[in-house]
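We use all heavy atoms of the structure for the numbers below, so side chains are in, but hydrogens, waters and symmetry mates are not. Not measured: the values here are computed from a predicted model.
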Amino acid sequence: MKNYLTLTLFLFTFQFVWSQTTEHKLYDPSANAENDIEAAVKKAQQENKHVLIQIGGNWCKWCIEFNRFCKADAQIDSLLNADFVLYHLNFSKENKNEKLLTQYGFPQRFGFPVFIILDEKGNRIHTQNSSYLEEKASYNKTRIMEFLKQWNRAALSAETYQNKK
């Protein structure tokens with residue numbers, strides 16, 4: 001019985017370590033975030049979208065959960081891909097990207113993840129505290145869908161609100 005418990009513990013530990021090292025990391029501490037965001041803005045211009053910056057780190061369980069939740073839901077994933085260019089901006093002890101966070105008005109004050117919406121010119125038009133999107137140990141689909149719909153280009157276009165005759 002003792003050998004069985006030892007083997008089980010070893011296999012569990014191996015699986016945990018292996019999954020941590022082979023898992024795709026959302027955030028890259030070594031990335032040149034300024035260049036990456038500039039490229040995301042150019043892509044957004046070409047595709048008639050806004051840029052959604054998700055700030056956090058690979059250390060943040062809520063950051064990882066938001067990504068998992070959105071990819072697992074076809075409606076949210078579709079809305080994200082249709083209306084936004086998504087960028088994961090790293091905040092960790094290796095790289096806090098302080099210059100960018102200063103430029104964006106210190107969004108880290110809301111905790112992580114925190115979301116910034118940039119327009120097609122790279123101007124910050126909204127900062128979203130993720131706690132309003134959370135529910136229990138995950139996220140609320142309705143609140144995420146509302147957030148994305150309220151900050152896409154159509155929602156901020158005067159043409160959307162003009163009387164059609």
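Going from atom OG of S130 over to atom OH of Y139 covers 4.5 Å, rounded to the nearest 0.5 Å. Note that CD of E120 is 13.0 Å distant from CD of Q46, once rounded to the nearest 0.5 Å. Rounded to the nearest 0.5 angstrom, E38 CD and E34 CD are separated by 9.0 Å. Note that the NZ atom of K25 and the NE2 atom of H88 stand 13.5 Å from one another [nearest 0.5 Å]. Atom CZ of F84 sits about 10.0 Å away from atom NZ of K49, to the nearest 0.5 Å. Note that OH of Y27 is 6.5 Å distant from CD1 of I64, once rounded to the nearest 0.5 Å.
No donor-acceptor pair closer than 3.5 Å links the side chain of S92 to the backbone N or O of G57. In this structure, the side chain of N90 does not engage the main chain of D28 through any donor-acceptor pair within 3.5 Å. Side-chain atoms of D77 do not come within 3.5 Å of backbone N or O of K71 as any donor-acceptor pair. Using a distance-only test at 3.5 Å, with no hydrogens or angles considered, no donor-acceptor pair links the side chain of S157 to the main chain of R153. Remark: the backbone N or O of L89 is not paired with any side-chain donor or acceptor of N97 at under 3.5 angstrom. Checking side-chain atoms of D36 against main-chain N and O of A31 turns up no donor-acceptor pair under 3.5 Å. Remark: the backbone N or O of A155 is not paired with any side-chain donor or acceptor of T160 at under 3.5 angstrom. At least one donor-acceptor pair under 3.5 Å links the side chain of Q54 to the backbone N or O of C63. Proximity of a side-chain donor or acceptor of R143 to a complementary backbone N or O of N140 within less than 3.5 Å is not detected.
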Is there a side-chain hydrogen bond (donor to acceptor under 3.5 Å, both in side chains) between Q108 and K96? Walk through the geometry before answering.
CA-CA 10 Å; Q108 67 270 36; K96 295 182 179 180; over 6 Å; no

Output, in order, the C-alpha distance, side-chain angles, deciding distance and verdict of side-chain contact (heavy atoms from CB on, under 4.5 Å) for L133 and F69.
CA-CA 11 Å; L133 308 175; F69 186 87; over 6 Å; no

Between Q128 and I117, is a side-chain contact (heavy atoms from CB on, under 4.5 Å) present by the stated rule, with each step listed?
CA-CA 8 Å; Q128 179 67 47; I117 307 285; over 6 Å; no

Between H126 and L118, does a side-chain contact (heavy atoms from CB on, under 4.5 Å) hold up when you go through it step by step?
CA-CA 7 Å; H126 181 65; L118 304 179; over 6 Å; no

Check step by step if side-chain contact (heavy atoms from CB on, under 4.5 Å) holds for L101 and F106.
CA-CA 5 Å; L101 296 183; F106 308 102; 5.5 Å; no

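Of all heavy-atom pairs between Q150 and L156, the closest is O-CD2, 4.3 Å. When every heavy atom of R68 is checked against every heavy atom of S138, the shortest pair comes out as NH2-OG, 3.9 Å. The two atoms that bring P107 and V114 nearest to each other are O-CG2, 3.6 Å, heavy atoms only. The shortest non-hydrogen separation linking W62 to F112 is CB-O, 4.1 Å. A pairwise comparison of heavy atoms in A33 and Y87 identifies CA-OH, 3.4 Å as the closest pair. Summarising the geometry of I125 relative to W151, their closest heavy-atom pair is O-CZ3, 3.4 Å, with the distance given to 0.1 Å.
A heavy-atom distance below 4.5 Å is not found between the side chains of I55 and F110. In this structure the side chain of K61 never reaches within 4.5 angstrom of the side chain of E65, judged on heavy atoms.
Under the side-chain contact (heavy atoms from CB on, under 4.5 Å) rule, D83 has a single partner from N152, N48, L148, L52, which is N152.
Both M145 and L86 belong to a single network of hydrophobic side chains, linked directly or stepwise wherever heavy atoms of I, L, V, M, F, W or Y lie under 4.5 Å apart.
F66 has its ring centre less than 6.0 Å from the ring centre of F115.
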